[in-house]
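Worksheet: the structure to be examined is printed underneath.
Below, each value reflects all heavy atoms present in this structure, side chains not excepted, and no hydrogens, waters or symmetry copies.
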Amino acid sequence: MSRNLPVNADMIAGDIEALAGITEPGHPWTRRAFSPLFMKGRAYIEARMKAAGLETRIDAAGNLIGRRTGRKPWLGTIMLGSHSDTVPDGGRFDGIAGVTSALEVARALGDQNIELDHDLEIVDFLAEEVSIFGVSCIGSRGMTGQLPEAWLSRVSDGRDLAEGIAQVGGRPDVLMQQNRPDIAGFLELHIEQGPVLEAEKEDIGIVTAISGITRIEITVDGRADHAGTTPMDRRADALVAASQLVLDIRNAAAELAKTPGHFAATVGEFRIEPNAANVVPSKVALLIDGRAEIRADMDAFCRWLDGHVEKLATACDVTIRPPNRVSDNLPTPGDAGLLSTLEAACERVGAKHRRMASGAGHDTAWIAKVAPAAMIFVPCREGRSHSADEWADNDDIALGAAVLFEAVREMDKSSNRETPNGTHTR
């Protein structure tokens with residue numbers, strides 16, 4: 001890379017490589033939240049935070065935080081971060097690129113003797129990925145008072161989530177009272193986890209919104225019959241109806257994806273009963289994962305689905321229960337001011353950029369509910385993620401870190417100046 005960047009690309013590469021070495025043997029790159037390897041990775045990150053001059057702590061939700069005090073701490077905290085846990089067999093850069101880039105921003109500020117007015121915090125959020133307890137974004141939800149208390153009783157491997165949080169250094173006894181009104185702004189760098197930036201030869205994606213995620217369960221009831229003796233025209237085959245429904249869902253989603261705004265729908269879970277070679281399937285349960293940048297698109301999809309299953313049930317001589325929304329999260333827009341700040345930062349470092357939505361969930365979605373927040377994406381090879389083949393070039397990550405660096409400096413300068421007695425200056 002020929003650009004003269006305000007960050008050290010080699011330092012980022014070294015941290016990513018060191019964390020890649022902390023993985024389950026034969027399962028690259030696996031470092032699941034709450035595991036001994038996760039704690040080993042955290043120990044490395046904490047040591048690097050301290051070497052960068054940051055004061056470290058674990059908050060009540062189990063997040064690892066490195067803090068750099070500003071000259072006017074009453075202005076609030078500028079926060080950067082992501083997560084260091086991984087999915088099984090994947091995640092060398094997913095989350096890690098964001099944590100190491102944020103850490104390098106703090107190092108670069110120190111190396112260049114740049115003092116901020118705001119406090120700066122670098123955060124490794126606990127369990128952004130779906131954890132052994134079956135839930136995700138535990139740290140970001142917990143930091144901001146959005147973790148359902150009932151989750152603390154979820155059990156895995158003989159311990160509940162409260163014990164898991166305590167074992168990583170958190171305080172489940174006071175977690176429900178935790179909140180962070182001091183966050184002046186939050187930024188997260190992440191690999192795109194998709195092919196757009198690479199295909200369009202863009203350096204940076206500025207995330208306009210994190211898509212809402214809606215999961216819908218549908219059950220098709222047919223009739224079990226002998227597969228060899230029941231005439232083809234006298235069957236109530238639940239699998240045939242469910243198979244047609246999957247294709248119809250795919251086609252409906254493809255049409256919505258052609259409209260402005262990101263939309264996707266996937267049938268990712270499929271269970272058949274009795275699941276025997278010589279029995280006509282009597283029951284199929286499927287789960288739809290729907291993602292929408294624009295809420296109206298998801299509402300339209302759900303209305304279509306409600307009407308379509310009724311017609312399909314009649315056509316296939318089966319019963320299809322009304323679609324059940326098992327979870328339904330709204331889209332989270334990026335803060336308009338921070339999006340403009342990020343665009344200006346891209347211009348300063350010479351990074352080609354475009355606006356785009358995120359189809360995946362991120363910790364930013366939870367921080368954004370209580371404070372201004374935004375994300376940037378950097379390209380990843382062939383859009384691959386959540387697999388051992390996941391790869392992002394270090395030059396791309398370093399350029400993203402440079403964008404973060406410039407954005408942090410602008411956030412620090414442009415925020416309202418509040419004095420300790422509560423008055424404002426500009």
Side-chain angles (χ1 to χ4, degrees), residues 130 134-137 141 146 148 150-151 194 208-225 230 232-275 279-333 356-362 365-366 368-369:
V130 177
V135 290
S136 61
C137 294
R141 293 179 199 245
Q146 300 176 84
W151 283 16
T208 54
I210 297 171
S211 296
I213 303 175
T214 301
R215 294 204 168 102
I216 305 167
E217 186 177 59
I218 297 180
T219 301
V220 181
D221 293 305
R223 185 182 66 246
D225 283 307
T230 307
M232 296 300 293
D233 60 351
R234 296 186 182 182
R235 299 181 178 205
D237 191 324
L239 181 56
V240 168
S243 299
Q244 183 60 53
L245 180 58
V246 171
L247 293 173
D248 294 341
I249 288 168
R250 195 271 177 199
N251 292 335
E255 289 302 310
L256 279 168
K258 295 175 183 177
T259 63
H262 177 79
F263 188 90
T266 306
V267 176
E269 290 187 17
F270 209 78
R271 301 185 303 278
I272 307 169
E273 295 180 12
N275 201 28
V279 182
V280 175
S282 62
K283 181 178 178 179
V284 175
L286 55 90
L287 187 66
I288 304 167
D289 178 296
R291 312 278 175 128
E293 178 187 1
I294 300 170
R295 180 61 187 189
D297 289 345
M298 183 57 68
D299 291 339
F301 176 78
C302 290
R303 286 194 301 271
W304 166 83
L305 187 63
D306 289 342
H308 185 68
V309 296
E310 293 182 8
K311 296 175 184 176
L312 186 63
T314 300
C316 295
D317 195 24
V318 297
T319 300
I320 303 181
R321 303 177 203 177
N324 175 35
R325 296 194 205 187
V326 295
S327 64
D328 193 16
N329 294 315
L330 297 175
T332 305
M356 63 191 304
S358 171
H362 298 282
W366 299 99
K369 297 181 188 302

Counting distance only, does the side-chain N/O of Ser282 pair as donor-acceptor with the main-chain N or O of Gly222 below 3.5 Å? no
Look at the side chain of Ser211 and the backbone N and O of Ser358, then say whether any donor-acceptor pair between them is shorter than 3.5 Å. yes
Please determine if Asp221 and Lys283 form a salt bridge, counting it only when a charged side-chain N lies under 4.0 Å from a carboxylate O. no
So which heavy atom on Val318 is nearest to which on Ala241, and how close? CG2-CB, 3.8 Å
Any donor-acceptor N/O pair, Arg291 side chain to Gly359 backbone, under 3.5 Å: yes
Minimum-distance pair of heavy atoms, taken over all atoms of Val279 and Ala224: CG1-CB, 4.0 Å
Quick one, Val326 with Leu287, criterion side chain to side chain contact (heavy atoms under 4.5 Å, CB included). Give me CA distance, side-chain angles, the key distance, then yes/no. CA-CA 9 Å; Val326 295; Leu287 187 66; 4.0 Å; yes
Minimal non-hydrogen separation, Val284 against Ala242, with atom names: CG1-CB, 3.6 Å
pair Met298-Phe263: side-chain heavy atoms closer than 4.5 Å: yes
Which value, rounded to the nearest 0.5 Å, describes the distance between His262 atom NE2 and Thr208 atom OG1? 10.5 Å
Distance-only check: which donor-acceptor pairs under 3.5 Å involve side-chain atoms of residues 299-314, not counting sequence neighbours?
from   : atom 1 : to     : atom 2 : distance (Å)
Asp299 : OD1    : Arg295 : NE     : 3.3
His308 : NE2    : Asp248 : OD2    : 2.7
Thr314 : OG1    : Glu310 : O      : 3.3

Hey, could you give me the CG/CD1 distance between Asn329 and Ile210, rounded to the nearest 0.5 Å? 11.5 Å
Quick check for you: to the nearest 0.5 Å, what is the distance between Asp289 atom CG and Ile249 atom CD1? 11.5 Å
Give me the atom names and distance for the closest heavy-atom approach of Ala265 to Ile288. CB-CG2, 4.3 Å
How far apart are the closest heavy atoms of Arg223 and Arg234, and which atoms are they? NH2-O, 2.8 Å
Under a 4.5 Å cut-off applied to non-hydrogen side-chain atoms, are Asp225 and Arg235 in contact? no
Rounded to the nearest 0.5 Å, what separates atom CG in Leu286 from atom CZ in Arg271? 8.5 Å
Closest non-hydrogen atoms of Gln146 and Trp366, given as atom of the first, atom of the second and distance, are NE2-O, 2.9 Å
